[in-house]
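Just so you know, these numbers use all the heavy atoms, side chains as well, and skip hydrogens, waters and symmetry mates. Chain letters run A, B, ... following the sequence lines, proteins first, then strands; residues in each count from 1.
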Amino acid sequence: MPELPEVETMARELAPRVVGRTITAFHTDWPRAIRHPDPGDFAAGVAGREVLDVARRAKWLVLSLTDDAAMIIQVKMTGQLFVVSPETGGDRHVHHVFALSDGMELRIRDTRKFGRLGLYRRNEAGRVLGADEAVELFAGHGPEPLDPSFTLAAFRKRLRARRGRLKPLLLDQSFVAGIGNIYADEALWLARLHPLRRADSLTPAAERRLYRAIRSVLIEAIERRGSSIDDYTSLDGDGQMQHHLRVYGRIGRPCHRCRRPIRRIVLGARGTHFCSWCQRLPASQRGLATATLLRSPRTGARRD
DNA sequence: ACGCCTACCTGCTTGC
DNA sequence: TGCAAGCAGGTAGGCG
């Protein structure tokens, strides 16, 4: 499940393999993944361009190419990157292949085909312009939680402007960019805050705990090269953060603080893991929690 | 602003 | 055993 730490790891490990190389050809067997422009223009647009830089914005990879071009790779749920020689065996889940001038191939493997590719332009400031070039591609994203400009004061201001619950809020990319289901749960546990807690109900001390928790869990996960759960792996192999998670995937196992079992609820169609002892809801908000959790599960056929 | 829904996908797990 | 529903979740878009 690539989130900020996983995509950051991919960017760091991809860079030394592709920067300075020119893309000589592109082939895909899943053109629906190409969001902009159309697949033929994408292939023609990347061919002949050199990779100048690899960066990350939110959970997106940004490859700066010559001629002010910017290629975007969204790995989403199951995207994996490999840089290998053309003789290396692949499988049916490799959908996109870039041939590189050093004879290697950048391959994108994506079991569930949720990943997206796009080719855009960069302006003078290095910002990526959207499809119509009137708005930046990342205009709708919130701040980068590890950027120096993301201060406690700035976080407080954003938090107090919201009335929703903490878990869905942390997953909202326009609130803070890059947090996904795993690190939202981990940050809330670290901050000792219930996932259903209202964002504007935090004490100043709790706001500071959450701010620090978000940053520390993301930093730790980057140091461990991400959580290799299900499909995620990076170019240098699996990350190690999955062995250090405090709540995610630990249903029924003891809380690292109080030894009581970790619980799982479903919130906004997302599995939510927490310690109901360490992460208590104020009495005034418990009615809200009950109403939410008792709401009937969704029905309706998922297949047609 | 907010919550909720659906769609996109495939492979693994679960239940009958 | 075999089949199929259920589930996993990042993101976009729609609705009320």
OP1 or OP2 of [N] versus the side-chain N and O atoms of [X]: is any pair under 4.0 Å?
| X | N | result |
| --- | --- | --- |
| A:R165 | B:dG3 | yes |
| A:K113 | B:dC8 | no |
| A:H93 | B:dG11 | yes |
| A:R162 | B:dC2 | yes |
| A:R92 | B:dG11 | yes |

Please identify each residue that fulfils salt bridge (charged side-chain N to carboxylate O under 4.0 Å, His left out) with A:R32, with sequence neighbours left out.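 Salt bridge (charged side-chain N to carboxylate O under 4.0 Å, His left out) list for A:R32, sorted by chain: empty.
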Report the residues that fulfil salt bridge (charged side-chain N to carboxylate O under 4.0 Å, His left out) with A:K167, sequence neighbours left out, ordered by chain and then residue number.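 Residues passing salt bridge (charged side-chain N to carboxylate O under 4.0 Å, His left out) with A:K167: A:D185.
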What distance, rounded to whole Å, do you find between the two [atom1] atoms, one in [N] and one in [M]?
| N | M | atom1 | answer |
| --- | --- | --- | --- |
| C:dC7 | B:dC5 | P | 14 Å |
| C:dT1 | B:dT10 | C1' | 23 Å |
| B:dC9 | C:dC3 | P | 26 Å |

Can you list every pair that meets side chain to side chain donor-acceptor pair (under 3.5 Å) and has a residue in residues 96-110 of chain A, with sequence neighbours left out?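 Of all non-adjacent pairs touching residues 96-110 of chain A, those that pass side chain to side chain donor-acceptor pair (under 3.5 Å) are A:R21-A:D102, A:T28-A:H96, A:T78-A:D110, A:Q80-A:R109, A:D91-A:R109, A:E105-A:R107.
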Sorted by first residue and then second, give each side chain to side chain donor-acceptor pair (under 3.5 Å) pair with at least one member in residues 63-74 of chain A; sequence neighbours left out. A:R49-A:D67
Who pairs with A:T203 by side-chain contact (heavy atoms from CB on, under 4.5 Å), at least two apart in sequence or on another chain? A:A205, A:A206
Which residues satisfy the side-chain contact (heavy atoms from CB on, under 4.5 Å) test with A:A199, sequence neighbours excluded? A:L159, A:R162, A:L166, A:L169
Can you tell me how far C1' of B:dA1 sits from CZ of A:R160, to the nearest Å? 19 Å
To the nearest angstrom, the CZ-C1' distance between A:R116 and B:dA7 comes to 10 Å
How does DNA chain B look in dot-bracket notation if pairs are Watson-Crick or G-U with both distances under 3.5 Å, crossing ones as [ ], other-strand ones as |? .|||||||.|||||||
A:R32 near the nucleic acid: base, sugar-phosphate alone, or nothing, with a heavy-atom cut-off under 4.0 Å?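 Result for A:R32 = sugar-phosphate.
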Select from A:L169 and A:T111 the residue whose nearest nucleotide in DNA chain B is closer to the 5' end of that strand.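 Nearest nucleotide further toward 5': that of A:L169.
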Where along residues 243-252 of chain A does a heavy atom fall under 4.0 Å from DNA chain C? A:Y248
Within the sub-3.5 Å range, which N or O atoms of nucleotides 10-14 of chain C have a protein N or O partner, and how far apart are they?
from	atom 1	to	atom 2	distance (Å)
C:dG10	OP2	A:N181	N	3.2
C:dG10	N7	A:R270	NH2	3.0
C:dT11	OP2	A:K59	NZ	2.9
C:dT11	O4	A:R270	NH2	3.4

Run the side-chain hydrogen bond (donor to acceptor under 3.5 Å, both in side chains) test against A:S276 and tell me which residues pass, sequence neighbours left out.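 Per chain and number, A:S276 pairs via side-chain hydrogen bond (donor to acceptor under 3.5 Å, both in side chains) with no residue.
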Check side-chain hydrogen bond (donor to acceptor under 3.5 Å, both in side chains) between A:R127 and all other residues, then give those that pass, not counting sequence neighbours.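 Expected list: none.
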Supply the members, apart from A:V128, of the Ile/Leu/Val/Met/Phe/Trp/Tyr cluster built from side-chain contacts under 4.5 Å; use none for a lone residue.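 Members alongside A:V128: A:W60, A:V62, A:I72, A:Y120, A:L137, A:F138.
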A:A177 backbone acceptor or donor facing A:R57 side chain under 3.5 Å: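 Checked: no pair found.
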Would you say A:Y183 and A:E6 are linked by a side-chain donor-acceptor pair, where the criterion is simply a distance under 3.5 Å? yes
